[in-house]
Amino acid sequence: MEKLLQDRIALVTGGAQGLGAAICTRLASEGCHIVVADVNEEKAIQTAQSIASIANRRAIAIKVDVSDETKSSNGEPHGSGFGRLDILVANAGILISEEITEFPAEKWRAVINVNLFGYFLCAKYATRVMKKQKSGVVLEINSKSGKKGSFKNSAYAASKFGA
């Protein structure tokens, strides 16, 4: 029986652990080949190996800092070797909590850079590939904090509301 997403290529940012790893596993179970993209290369490799052995899908790991354009735009879909990109799941995110009056600007900026600017960069380069293919889907993982802020989470709420 053919799976819903048989032989589609999915790239998941922040795919090495937690929700990202779960998304990778589910997409693989639906037939996708997976690119596990994460700043934690060691964990990304472990996740890719696990997916490949469990789901019998091709899965590779790449080290990607979504907030650094020079490390997010290496031409071909994030250097995946697949030659195309059908699904981008922009899942990478960080949460740093501080009271606004004490929040160091560099930490606030780090949250915005990963959660908002990082999403922009990934979508920018993924959609270039998808536009040439005349197909593709971009999914951005958000948070209820994007609708309503929460205590000491000004940067996180701003980044999720912006995305």
Side-chain angles (χ1 to χ4, degrees), residues 8-29 32-55 57-98 103-130 136-146 150 152-163:
R8 299 281 197 257
I9 308 304
L11 186 148
V12 180
T13 66
Q17 59 191 351
L19 179 61
I23 292 168
C24 288
T25 301
R26 179 55 190 259
L27 287 169
S29 76
C32 287
H33 300 291
I34 306 295
V35 180
V36 181
D38 205 291
V39 293
N40 186 335
E41 188 174 25
E42 186 178 318
K43 276 282 218 193
I45 290 168
Q46 291 171 1
T47 301
Q49 289 172 342
S50 173
I51 290 165
S53 66
I54 294 169
R57 298 278 82 202
R58 212 172 139 211
I60 63 169
I62 60 171
K63 183 173 184 169
V64 171
D65 177 350
V66 297
S67 68
D68 185 341
E69 188 165 20
T70 64
K71 295 178 181 160
S72 295
S73 63
N74 38 12
E76 207 265 322
H78 290 271
S80 70
F82 286 113
R84 69 176 209 272
L85 181 61
D86 301 301
I87 302 164
L88 165 66
V89 181
N91 172 69
I94 61 171
L95 170 64
I96 301 172
S97 298
E98 299 273 350
F103 214 135
E106 67 277 0
K107 287 184 177 181
W108 205 92
R109 187 174 287 117
V111 174
I112 298 298
N113 281 343
V114 171
N115 298 1
L116 182 57
F117 187 64
Y119 163 69
F120 158 72
L121 288 176
C122 291
K124 175 182 177 178
Y125 290 101
T127 56
R128 284 183 179 178
V129 172
M130 293 171 180
V137 175
V138 175
L139 302 169
E140 202 272 333
I141 302 301
N142 215 307
S143 167
K144 66 180 181 170
S145 291
S150 55
K152 294 187 180 182
N153 287 326
S154 62
Y156 187 76
S159 70
K160 290 300 182 175
F161 186 76

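Not measured: the values here are computed from a predicted model.
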ask   = Please, which pairs that meet salt bridge (Lys or Arg N to Asp or Glu O under 4.0 Å) have at least one residue in residues 103-127, sequence neighbours excluded?
value = E69-K124, E98-K107

ask   = Which heavy atom of V64 sits nearest a heavy atom of A37, and at what distance?
value = CG2-CB, 4.0 Å

task = Hey, could you give me the CZ/CG distance between F117 and D68, rounded to the nearest 0.5 Å?
result = 9.0 Å

key: Distance (rounded to the nearest 0.5 Å) between D38 CG and D65 CG   = 10.0 Å

ask   = Quick one: are V111 and L95 in side-chain contact, heavy atoms under 4.5 Å?
value = no

query = Do you know the tightest heavy-atom contact between F103 and W108?
reply = CE2-N, 3.4 Å

key: Backbone of A92 reached by a side-chain donor or acceptor of T13 within 3.5 Å   = yes

key: Exercise: identify the closest heavy-atom pair between Y119 and A90   = CD1-CB, 3.5 Å

ask   = Shortest non-hydrogen contact from V114 to G93?
value = CG1-CA, 3.8 Å

request  = Output every pair passing salt bridge (Lys or Arg N to Asp or Glu O under 4.0 Å) with a member in residues 87-96, not counting sequence neighbours, ordered by first then second residue.
outcome  = none

query = salt bridge (Lys or Arg N to Asp or Glu O under 4.0 Å) with R128: which residues, sequence neighbours excluded?
reply = none

task = Measure from the side-chain N and O atoms of N91 to the backbone N and O of G14, and report whether any donor-acceptor pair falls under 3.5 Å.
result = yes

inquiry  = For A10, give me all partners under side chain to side chain contact (heavy atoms under 4.5 Å, CB included), at least two apart in sequence or on another chain.
reply    = L27, C32, I34, I87

query = To the nearest 0.5 Å, what is the distance between OG (S67) and CD1 (I94)?
reply = 8.0 Å

Test item: V137 and D86 side chains (from C-beta on) under 4.5 Å apart, heavy atoms = no

key: Of all pairs that satisfy salt bridge (Lys or Arg N to Asp or Glu O under 4.0 Å), the ones with a partner from residues 17-26, not counting sequence neighbours   = R26-E30

ask   = Roughly how far, to the nearest 0.5 Å, is CD1 of I141 from CG of N115?
value = 12.5 Å

request  = Of all the heavy-atom pairs spanning K63 and V39, show the shortest one and how long it is.
outcome  = CE-O, 3.4 Å

Under the side-chain hydrogen bond (donor to acceptor under 3.5 Å, both in side chains) test, residues paired with N113 that sit two or more places apart = none

task = Could you check T127 against V138 for side-chain contact (heavy atoms from CB on, under 4.5 Å), going step by step and ending with a plain yes or no?
result = CA-CA 8 Å; T127 56; V138 175; 3.8 Å; yes

query = Taking all atoms of both residues into account, what is the closest heavy-atom pair of V129 and L85, and its distance?
reply = CG1-N, 3.9 Å

task = Taking side-chain hydrogen bond (donor to acceptor under 3.5 Å, both in side chains) as the test, write out the residues that go with S97, two or more places apart.
result = N153

task = Could you tell me the separation between the CG atom of L88 and the CE atom of M130, rounded to the nearest 0.5 Å?
result = 5.5 Å

Counting only pairs under 3.5 Å, give me each side-chain donor-acceptor contact of residues 41-52, with atom names and distances, residues two or more places apart or in other chains.
| unit_1 | atom_1 | unit_2 | atom_2 | d |
| --- | --- | --- | --- | --- |
| T47 | OG1 | A16 | O | 2.5 |
| T47 | OG1 | K43 | O | 3.0 |

task = Look at the rings of H33 and F82 and say which category their plane angle falls in: under 30° parallel, 30 to 60° tilted, over 60° perpendicular.
result = parallel

